[in-house]
Chemist: 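My questions all concern the structure below.
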Amino acid sequence: MKTTEVIADLKRRFPNEPEYHQAVEEVLSSIEDVYNSHPEFERYNLIERLCIPDRIFAFRVSWVDDSGKVRNNMGYRIQHNNAIGPYKGGIRFHASVNLSILKFLAFEQTFKNSLTTLAMGGAKGGSDFSPRGKSNMEIMRFCQAFVAELWRQLGPDTDVPAGDIGVGAREVGYMYGYYKKMAREFTGTFTGKGISFGGSLIRPEATGYGNCYFLLNMLATRGIDIKGKRVAISGSGNVATYTAQKIMELGAKVVSMSDSSGCIIAPDGLTKEQFDFIFELKTIMRGRLSEVPDVFPDIQYHDGQRPWKFVKCDIAMPSATQNELDGSDADALLAAGCFAVSEGANMPSTPEAVHKFIEARILYAPGKAANAGGVATSGLEMAQNSQKLSWSAEEVDRRLSEIMANIHAQCLRYGKEPDGYVNYVRGANVAGFMKVADAMMAQGIL
Ligand code: NDP
């Protein structure tokens with residue numbers, strides 16, 4: 001089957017899964033010529049086996065809220081592919097979670113994990129449970145009920161979950177605690193754990209820092225210095241805040257951030273005092289960005305808006321959620337002189353936006369390459385857990401920076417076009433695909 005036929009067939013068999021179709025289409029369209037030059041892949045129907053998850057667990061999660069009312073949510077785990085290592089990928093708790101979103105994330109994760117050069121397969125999981133407004137005890141009871149269903153499918157050499165939207169250190173702690181109780185073993189199994197029970201230094205920072213390291217590699221290909229550049233960031237969660245922290249440390253200016261209610265614009269760049277306030281507001285107080293202008297009147301707030309049309313920036317780092325930057329946002333960024341986009345979130349730019357960036361020949365890094373530092377450092381956490389050792393922050397940061405440089409080098413190897421332009425989408429997809437495809441071919445039809 002040709003790749004176009006595979007896509008049409010998946011759409012027919014799995015209707016109403018637009019995010020999954022979008023992710024598959026993006027990857028398959030960029031690897032088509034590589035795939036077609038290996039007739040043995042077609043004989044083994046490799047592409048279809050790579051697109052359809054190995055297995056999917058779906059289950060009801062019942063828990064009791066603080067008023068004594070019984071609540072029901074759906075829980076899922078997609079074990080997408082374990083050709084090169086145990087299933088690995090985060091857990092997302094957000095009201096919007098459904099099978100399509102988790103299937104797209106698990107599919108992307110498989111290629112991303114392959115790019116890290118570490119031995120990790122691809123997975124993703126989550127629930128339509130929203131932690132916003134829930135008490136600590138409600139979060140704990142929900143996490144325990146979620147793991148009560150899932151723990152049998154997990155293990156340090158089987159499937160190793162981590163955090164994602166709505167799942168940070170607190171939720172990972174509760175889930176790992178319950179897993180440990182059920183499995184009666186202390187083997188890691190979740191990454192993003194607290195430092196006192198097997199977590200890795202730099203893991204919380206890793207996705208944001210890693211994206212900045214990737215950006216530095218991209219800028220170096222054009223001899224651009226990041227100092228003084230204006231950087232628009234979206235989101236204000238784990239990825240966005242550590243991206244902003246590193247960007248400021250590198251001497252550039254953070255001119256925007258956002259949450260699901262709106263965005264803030266700091267035309268002259270956030271000061272350290274303003275950033276520290278936002279960090280505490282979002283990560284400790286669990287507040288809203290709409291509160292920021294009350295304290296810092298020179299910062300503008302735009303209710304219900306994304307930042308892209310309000311900022312003049314050199315670099316954009318979308319770090320909130322999928323499809324948060326569309327074609328008209330891309331037009332606005334390009335018109336304002338933006339010359340680099342490095343994605344912290346998974347699939348934040350729509351296909352139309354990606355097309356415009358590549359057509360304009362700007363530096364554009366897809367999430368599966370630019371945000372792979374998070375899962376790479378999760379891989380380093382797994383390695384430390386296996387050794388029963390903890391590495392220093394400097395050691396982990398050095399390895400993270402090396403891994404990001406390595407991912408960048410793979411993108412250059414497979415993504416350079418005849419005119420010298422580096423198509424990072426193609427580079428990342430082909431590099432990620434080739435390793436998984438080789439492993440699947442060697443292991444027979446499973
Ligand atoms: P968090 O939950 O910590 O933060 C998510 C941020 O995005 C919050 O500011 C949230 O706003 C905002 N947001 C969530 N949903 C929407 C929406 N529908 N529209 C607008 N804004 C939204 O998640 P992370 O920072 O961990 O994840 C962000 C992205 O990065 C995701 O795409 C995730 O898959 C990806 N990623 C994360 C990794 C990690 O290590 N954590 C690794 C690799 C990728 P609010 O505060 O209002 O909820």
Side-chain angles (χ1 to χ4, degrees), residues 19 23 88-97 101-102 104-106 108-109 111-113 115-116 120 122 124-126 130-134 161-172 190-192 199-200 202-211 214 233-244 256-264 278-279 281-292 302-308 317-326 329 342-349 366-379 381 400 404:
E19 293 87 359
K88 177 91 195 91
I91 302 269
R92 177 176 293 193
F93 290 164
H94 193 269
S96 64
V97 162
I101 288 176
L102 294 181
F104 118 63
L105 289 165
E108 289 266 304
Q109 194 81 47
F111 299 99
K112 182 191 305 189
N113 292 1
L115 274 177
T116 65
M120 298 182 290
K124 203 84 189 188
S130 170
R132 180 151 358 130
K134 304 289 190 304
D164 190 74
I165 292 178
V167 177
R170 173 181 60 168
E171 291 77 13
V172 167
F190 281 72
T191 58
S200 174
I202 305 292
R203 176 61 190 90
E205 295 89 344
T207 309
Y209 282 18
N211 190 10
F214 194 91
I233 296 174
S234 63
S236 49
N238 171 270
V239 179
T241 49
Y242 286 110
T243 302
S256 73
M257 295 189 81
S258 70
D259 62 21
S260 52
S261 310
C263 68
I264 52 167
I278 292 166
F279 187 88
L281 175 75
K282 292 304 292 187
T283 56
I284 300 168
M285 314 296 288
R286 298 180 194 274
R288 314 300 300 155
L289 288 181
S290 55
E291 299 165 44
V292 175
H302 297 274
D303 195 42
Q305 302 291 329
R306 307 184 289 214
W308 319 120
M317 302 178 87
S319 307
T321 193
Q322 65 275 355
N323 292 329
E324 53 156 323
L325 196 165
D326 64 18
D329 295 322
S342 202
E343 296 183 339
N346 286 311
M347 210 167 73
S349 308
K368 72 167 72 67
N371 73 27
V375 73
T377 308
S378 280
E381 182 173 332
L400 168 63
M404 297 317 292

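Note that ligands are numbered from 1 as they come in the structure, with each ligand's atoms numbered from 1 the same way.
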Chemist: Please report which non-hydrogen protein atom sits nearest to atom 21 (N) of ligand 1, along with the residue it belongs to and the distance in Å to one decimal place.
Modeler: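 Sorting protein heavy atoms by distance from atom 21 (N) of ligand 1 puts S260 CA, 3.5 Å first.
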
Chemist: Calculate, to the nearest 0.5 Å, the distance between atoms OH and CD belonging to Y242 and E205 respectively.
Modeler: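 With rounding to 0.5 Å, OH (Y242) is 4.5 Å from CD (E205).
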
Chemist: Report the part of S319 (side chain from C-beta onward, or backbone N, CA, C, O) that has a heavy atom under 4.0 Å from ligand 1; answer both or neither where that applies.
Modeler: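 For S319, only backbone atoms sit under 4.0 Å from ligand 1.
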
Chemist: As a check for students: among T207, T241, N211, identify the option with a heavy atom nearest to atom 43 (C) of ligand 1.
Modeler: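 Considering heavy atoms of T207, T241, N211, the nearest to atom 43 (C) of ligand 1 sits in T207.
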
Chemist: Identify which one of P307, C263, S290 satisfies the side-chain contact (heavy atoms from CB on, under 4.5 Å) criterion when paired with H302.
Modeler: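 Among the candidates, only C263 passes.
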
Chemist: When you compare the side chains of R203 and T377, does any donor N or O come within less than 3.5 Å of an acceptor on the partner?
Modeler: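 Checked: R203/T377 side chains show no N/O donor-acceptor pair below 3.5 Å.
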
Chemist: Examine ligand 1 and decide if any of its atoms is less than 4.0 Å from a heavy atom belonging to G192.
Modeler: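 False for this residue.
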
Chemist: What are the atoms of ligand 1, with element, lying closer than 4.0 Å to any heavy atom of S258?
Modeler: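 Per the distance check, 9 (O).
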
Chemist: For atom 4 (O) of ligand 1, what's the nearest protein heavy-atom neighbour? Residue, atom name and distance, please.
Modeler: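 Of every protein heavy atom, G237 CA, 3.3 Å lies nearest to atom 4 (O) of ligand 1.
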
Chemist: Would you mind running through ligand 1 and noting each atom that sits below 4.0 Å from a heavy atom of R288?
Modeler: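 The list of qualifying atoms is 45 (P), 46 (O), 47 (O).
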
Chemist: Find out whether V375 and T116 are in side-chain contact, i.e. whether some heavy atom of one side chain is under 4.5 Å from a heavy atom of the other.
Modeler: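 V375 vs T116: side chains touch.
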
Chemist: If hydrogens are left out, which of C263, A320, A240 has an atom nearest to atom 12 (C) of ligand 1, that is, the closest non-hydrogen atom?
Modeler: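 When every heavy atom of C263, A320, A240 is considered, A320 comes closest to atom 12 (C) of ligand 1.
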
Chemist: Would you compute the distance between atom NZ of K368 and atom CG of N346 and round it to the nearest 0.5 angstrom?
Modeler: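 That separation rounds to 9.0 Å.
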
Chemist: Can an N or O of K112 be found at a distance shorter than 3.5 Å from an N or O of ligand 1?
Modeler: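 No; every N/O pair is 3.5 Å or more apart.
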
Chemist: Looking only at heavy atoms, what is the nearest atom pair of S234 and P318, with distance?
Modeler: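 Taking S234 first and P318 second, the nearest heavy atoms are OG-CA, 3.2 Å.
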
Chemist: Identify the heavy atoms of A162 and K88 that sit nearest to each other, and give their distance.
Modeler: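 Minimum heavy-atom contact is CB-NZ, 3.7 Å.
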
Chemist: Checking side-chain contact (heavy atoms from CB on, under 4.5 Å) between P348 and each of E343, Q322, M317, which is the one that passes?
Modeler: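 The residue from E343, Q322, M317 that satisfies side-chain contact (heavy atoms from CB on, under 4.5 Å) with P348 turns out to be E343.
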
Chemist: Measuring from non-hydrogen atoms of R132 to any atom of ligand 1, is the shortest distance under 4.0 Å?
Modeler: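 Flag set, R132 near ligand 1.
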
Chemist: Is there side-chain contact between I101 and R92, with at least one heavy-atom pair below 4.5 Å?
Modeler: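 SC-SC contact between I101 and R92 confirmed.
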
Chemist: Between T377, L281, N346, which one has a non-hydrogen atom sitting closest to atom 36 (N) of ligand 1?
Modeler: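 The residue whose heavy atom sits nearest atom 36 (N) of ligand 1 is N346.
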
Chemist: Suppose we measure from atom 27 (O) of ligand 1 to each protein heavy atom; which comes out shortest, and what is that distance?
Modeler: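 I find the closest protein heavy atom is I165 CG1, 3.7 Å.
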
Chemist: Just which atoms of ligand 1 are under 4.0 Å from any heavy atom in A345?
Modeler: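 Within the 4.0 Å cut-off of A345, ligand 1 contributes 29 (C), 30 (O), 32 (O), 35 (C).
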
Chemist: Taking the side chain as everything from C-beta on, heavy atoms only, tell me whether N371 gets closer than 4.5 Å to V239.
Modeler: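 In short, these two side chains do not touch, never coming nearer than 4.5 Å.
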
Chemist: Quick test of your reading of the structure: of N238, T321, N371, whose heavy atom lies closest to atom 26 (O) of ligand 1?
Modeler: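 Selected option, by shortest heavy-atom distance: N238.
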
Chemist: With atoms numbered from 1 as shown, which atoms in ligand 1 lie under 4.0 angstrom from a non-hydrogen atom of S236?
Modeler: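 So the atoms of ligand 1 that pass are 9 (O).
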
Chemist: Ligand 1 and K282, any nitrogen or oxygen pair closer than 3.5 angstrom?
Modeler: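 N/O-N/O distance below 3.5 Å exists for this pair.
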
Chemist: Answer with side chain, backbone, both or neither: which part of R203 has a heavy atom less than 4.0 angstrom from an atom of ligand 1?
Modeler: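 Within the 4.0 Å criterion, R203 contacts ligand 1 through side-chain atoms alone.
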
Chemist: If you measure from CG on L281 to CZ on F279, what distance do you get to the nearest 0.5 Å?
Modeler: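 So the CG of L281 and the CZ of F279 are separated by 11.5 Å.
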
Chemist: Examine the proximity of ligand 1 to A162 and report which part, side chain or backbone, both or neither, has a heavy atom under 4.0 Å away.
Modeler: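 For A162, there is no contact with ligand 1 at all, from either part.
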
Chemist: Any N or O of V239 that comes nearer than 3.5 Å to an N or O of ligand 1?
Modeler: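 Yes; the residue has a nitrogen or oxygen that sits under 3.5 Å from a nitrogen or oxygen of the ligand.
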
Chemist: Could you work out, for atom 15 (N) of ligand 1, the closest of K124, R92, H94 by heavy-atom distance?
Modeler: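 It is H94 whose heavy atom sits nearest to atom 15 (N) of ligand 1.
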
Chemist: Would you confirm whether the ring centroid of F214 sits within less than 6.0 angstrom of the ring centroid of Y209?
Modeler: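 Between Y209 and F214, the centre distance exceeds or equals 6.0 Å.
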
Chemist: Does the distance from a Lys or Arg side-chain N to an Asp or Glu carboxylate O, for E324 and R306, drop under 4.0 Å?
Modeler: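 Salt bridge: no.
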
Chemist: Tell me whether G166 reaches ligand 1 (any heavy atom closer than 4.0 angstrom to a ligand atom).
Modeler: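 Judged by the 4.0 Å heavy-atom criterion, G166 does count as contacting ligand 1.
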
Chemist: To which protein heavy atom is atom 33 (C) of ligand 1 closest, and what is the distance rounded to 0.1 Å?
Modeler: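 Checking every protein heavy atom, the shortest distance to atom 33 (C) of ligand 1 gives D164 OD1, 3.1 Å.
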
